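Below is one structure, written out as structure tokens, with a few remarks after it.
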Amino acid sequence: MPGVPPQRFTYLGPEGTFAEQALLTLPAARNGVREPSATVPEALDAVRSGAVGAALVPLENSVEGAVGVTLDELAYGAPLLITRELLLQVRFGLFGRPGTKLESVRTVASHPHGLAQVRAWMRKHLPDAEQRSTSSTSDAAVAVARGDFDAAACAAVAGERQRLELLADDIGDSSTAVTRFVLVTRPGRPAERTGDDLTSLVAFIAHDRAGALLEVLTEFAVRGLNLTRIESRPTKERLGRYCFLLDCSGHIADDRVGEAVMGLRRICADVRFLGSYPAAEPSPPYTRRPGTSDADFADAAGWLRQIRDGATDRG
Ligand SMILES: O=C(O)C(=O)C[C@]1(C(=O)O)C=C[C@@H](O)C=C1
């Protein structure tokens with residue numbers, strides 16, 4: 001559109017990461033300005049400072065689980081808002097400098113989540129190679145091109161950009177590995193409700209009574225809300241203290257979600273709203289508790305209104 005400045009995005013870089021590939025699936029990002037960040041905290045700080053409008057960062061992987069640094073930033077860093085989730089199938093190749101023979105590889109570099117996803121392949125094919133962590137999979141490719149390591153476990157685009165040679169293809173232990181990324185902005189109005197949404201929250205439970213987590217879960221269960229993820233993270237105060245990152249079906253604009261969140265607010269030491277955003281995949285079907293359909297909620301709200309208004313016919 002003429003006159004509208006392009007949107008600015010950042011992502012876990014350098015160019016060639018899975019994060020960049022996921023970001024490029026968004027038309028606004030393809031047509032916008034994209035600046036890589038060296039780490040997840042750096043990407044999120046660029047959002048907080050207003051240097052960019054949004055950052056795409058990895059949240060979890062279907063093989064290796066949560067990306068702790070992202071969860072900690074969202075739970076404990078200056079508040080941010082998740083406005084989208086993106087799922088990307090991740091496929092790893094082993095790349096070395098031209099002329100490298102697989103048998104001569106002594107060091108393999110990748111992001112820790114990348115190394116974890118090629119563990120079985122490494123044990124079988126390169127059991128004696130040393131594994132080295134880098135800040136991202138494409139950072140590993142850059143380091144290999146520089147001569148720091150013999151090979152990188154990374155995406156094909158990263159290997160090709162660094163003019164590396166493919167030594168082994170599809171080395172991931174799971175052929176269906178998926179990474180979930182989130183697009184994060186500064187706090188503001190949540191993304192529009194689509195009817196198939198997810199809501200992310202952090203519950204800081206009260207640690208001084210038994211059953212505090214059960215009380216949190218009950219707020220969702222009684223309203224027929226499906227929890228799609230629950231993850232604990234240490235509060236870092238001392239052993240045994242955790243907060244819980246929760247994803248549930250529904251949008252904060254939905255009555256049942258709003259009521260559950262109000263319930264958490266009453267029973268938790270603190271609650272952080274992380275965002276409501278469209279589900280990247282249709283939510284899996286689940287059986288709703290009786291009395292928790294949209295119509296049930298609307299009926300109950302109308303009935304209460306009538307009572308409060310003093311209507312004689314109370315249905
Ligand atoms: O290094 C990358 O390419 C990233 O986008 C990061 C990341 C992650 O943190 O999980 C993303 C996908 C892969 O599973 C491995 C690494």
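Side chains included, hydrogens not; waters and symmetry mates left out as well; all remaining heavy atoms used. Order of appearance sets the numbers: ligands from 1, and atoms from 1 within every ligand. Quick caveat, the model's predicted, so the values are computed rather than measured.
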- Message: Ring-plane angle category for F204 and Y76, please: parallel below 30°, perpendicular beyond 60°, tilted otherwise.
- Response: tilted
- Message: Tell me whether the rings of H111 and H113 are parallel (<30°), tilted (30 to 60°) or perpendicular (>60°).
- Response: perpendicular
- Message: Pair S276, T199 - check side chain to side chain donor-acceptor pair (under 3.5 Å), show working.
- Response: CA-CA 4 Å; S276 289; T199 292; 2.7 Å; yes
- Task: Measure from atom 14 (O) of ligand 1 to every heavy atom in R180, H113, Q117 and give the option owning the shortest one.
- Result: Q117
- Query: Taking the minimum heavy-atom distance to atom 4 (C) of ligand 1, which of L23, L88, V63, L12 ranks first?
  - Reply: L12
- Can you find an N/O atom of S138 closer than 3.5 Å to an N/O atom of ligand 1? no
- Item | Heteroatom distance test (T17, ligand 1): nitrogen or oxygen, under 3.5 angstrom | no
- Message: Holding to salt bridge (Lys or Arg N to Asp or Glu O under 4.0 Å), I want the full list of residues that pass it with E192, two or more places apart in sequence or in another chain.
- Response: none
- Message: Give the atom numbers and elements of ligand 1 that come within less than 4.0 Å of a heavy atom of F18.
- Response: 2 (C), 3 (O), 5 (O), 12 (C), 13 (C)
- May I ask you to list the atoms of ligand 1 that are less than 4.0 angstrom from any heavy atom of N61? 14 (O)
- Message: Whether D72 and R233 form a salt bridge (side-chain N of Lys/Arg under 4.0 Å from carboxylate O of Asp/Glu) is what I want to check.
- Response: yes
- At under 4.0 Å between heavy atoms, which part of T137 makes contact with ligand 1: side chain, backbone, both or neither? both
- Note on the structure: Ranked by distance from atom 12 (C) of ligand 1, the top protein heavy atom is T179 OG1, 3.3 Å
